[in-house]
Q: 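Handing you a structure now.
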Amino acid sequence: MTVTLKDFYADWCGPCKTQDPILEELEEDWDDRFEVEKINVDEAQEIANEYQVRSLPTLVVENDDGIVERFVGVTQREDIEAALESAGA
């Protein structure tokens with residue numbers, strides 16, 4: 001089962017900068033149990049539209065079956081971990 005965390009962000013987004021260290025810590029602690037895909041909405045508008053991203057940051061946790069969970073705004077580590085676990089990471 002492949003688990004991906006898509007991080008929709010923009011360079012001008014203040015809350016995104018708050019989210020970054022949380023994601024970096026998670027990546028380190030979870031040792032490749034999931035992939036992080038950083039998506040700059042200014043550069044990848046089609047993907048942002050496909051996922052109907054309206055606010056930043058938006059995190060989307062996916063597995064082979066599709067979207068498991070979606071978070072809008074700065075999200076705490078515990079919430080992200082719970083979503084990753086239910087996705088099978």
Side-chain angles (χ1 to χ4, degrees):
M1 178 79 69
T2 309
V3 177
T4 308
L5 171 63
K6 287 181 165 45
D7 173 21
F8 291 90
Y9 75 98
D11 293 335
W12 45 262
C13 164
C16 298
K17 292 173 178 42
T18 306
Q19 187 73 71
D20 280 342
I22 298 171
L23 296 178
E24 284 162 18
E25 244 178 56
L26 262 176
E27 258 188 295
E28 273 176 38
D29 296 348
W30 280 58
D31 285 339
D32 298 334
R33 286 168 55 195
F34 68 97
E35 290 171 29
V36 172
E37 210 177 297
K38 291 190 77 61
I39 299 161
N40 183 328
V41 296
D42 291 330
E43 294 166 7
Q45 286 181 327
E46 308 80 42
I47 300 171
N49 289 338
E50 187 185 319
Y51 282 86
Q52 298 175 334
V53 173
R54 301 283 173 262
S55 306
L56 297 176
T58 293
L59 302 177
V60 176
V61 177
E62 282 184 321
N63 63 19
D64 299 338
D65 299 328
I67 295 174
V68 174
E69 187 102 33
R70 172 188 193 99
F71 301 103
V72 177
V74 176
T75 306
Q76 296 310 307
R77 179 184 171 129
E78 298 74 42
D79 297 330
I80 301 168
E81 284 183 318
L84 290 169
E85 279 173 15
S86 61

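Remember, predicted model here, so these are calculated numbers, not experimental data.
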Q: Under 4.5 Å between side-chain heavy atoms, hopping through other hydrophobics if needed: is there a path connecting M1 to W30?
A: yes

Q: I'd like to check V60 versus F8 (side-chain heavy atoms, cut-off strictly below 4.5 Å). Are they in contact?
A: yes

Q: Is any side-chain N of the basic residue among R77 and D29 closer than 4.0 Å to the acidic one's carboxylate O?
A: yes

Q: Do you know the tightest heavy-atom contact between A83 and E69?
A: CB-CB, 3.7 Å

Q: Please step through side-chain contact (heavy atoms from CB on, under 4.5 Å) for the pair Y9 and N40, ending with a clear verdict.
A: CA-CA 5 Å; Y9 75 98; N40 183 328; 3.6 Å; yes

Q: With a 3.5 Å distance limit and no angle check, can you tell me whether R70 reaches the backbone of Y51 through a side-chain donor-acceptor pair?
A: yes

Q: If we only count heavy atoms from C-beta on, is the L59 to L23 side-chain gap below 4.5 Å?
A: yes

Q: Does atom CD (E81) have a neighbourhood of more than 12 heavy atoms from anything else shown, all under 6.0 Å?
A: yes

Q: For the CZ atom of R54 and the CD atom of Q52, what is their distance to the nearest 0.5 Å?
A: 6.0 Å

Q: Is there a path of hydrophobic side-chain contacts, each under 4.5 Å between heavy atoms of I/L/V/M/F/W/Y residues, joining V36 to L26?
A: yes

Q: Do side-chain atoms of T75 reach the backbone of G73 as a donor and acceptor pair under 3.5 angstrom?
A: yes

Q: Looking at D42 and A10, what are the two nearest heavy atoms and their distance?
A: OD2-CB, 3.9 Å

Q: Just how far is it from atom OG1 of T18 to atom CG of D20, taken to the nearest 0.5 Å?
A: 8.5 Å

Q: As an exercise, state the distance from CG of N63 to OG1 of T4, rounded to the nearest 0.5 Å.
A: 8.5 Å

Q: Roughly how far apart are W12 CH2 and L56 CG, rounded to 0.5 Å?
A: 5.0 Å

Q: Check each of E37, E50, E35 against K6 using the salt bridge (Lys or Arg N to Asp or Glu O under 4.0 Å) test, and report the only one that passes.
A: E37

Q: Looking at residues at least two apart in the chain, or sitting in another chain, which of them share a ring-ring contact (aromatic ring centres under 6.0 Å, His included) with F71?
A: none

Q: Could you state the interatomic distance from CG (L84) to CG (D79), rounded to the nearest 0.5 Å?
A: 11.0 Å

Q: Using the rule that two of Ile, Leu, Val, Met, Phe, Trp, Tyr join whenever any of their side-chain heavy atoms come within less than 4.5 Å, decide whether I67 and I47 are in one cluster.
A: yes

Q: Roughly how far, to the nearest 0.5 Å, is the CG atom of L5 from the NZ atom of K38?
A: 9.0 Å

Q: Identify the two heavy atoms, one from V74 and one from Q19, that lie closest to each other, and give their separation to 0.1 Å.
A: CA-OE1, 3.3 Å

Q: Side-chain contact test, heavy atoms from C-beta onward, threshold under 4.5 Å: evaluate it for V61 versus V3 and give yes or no.
A: yes

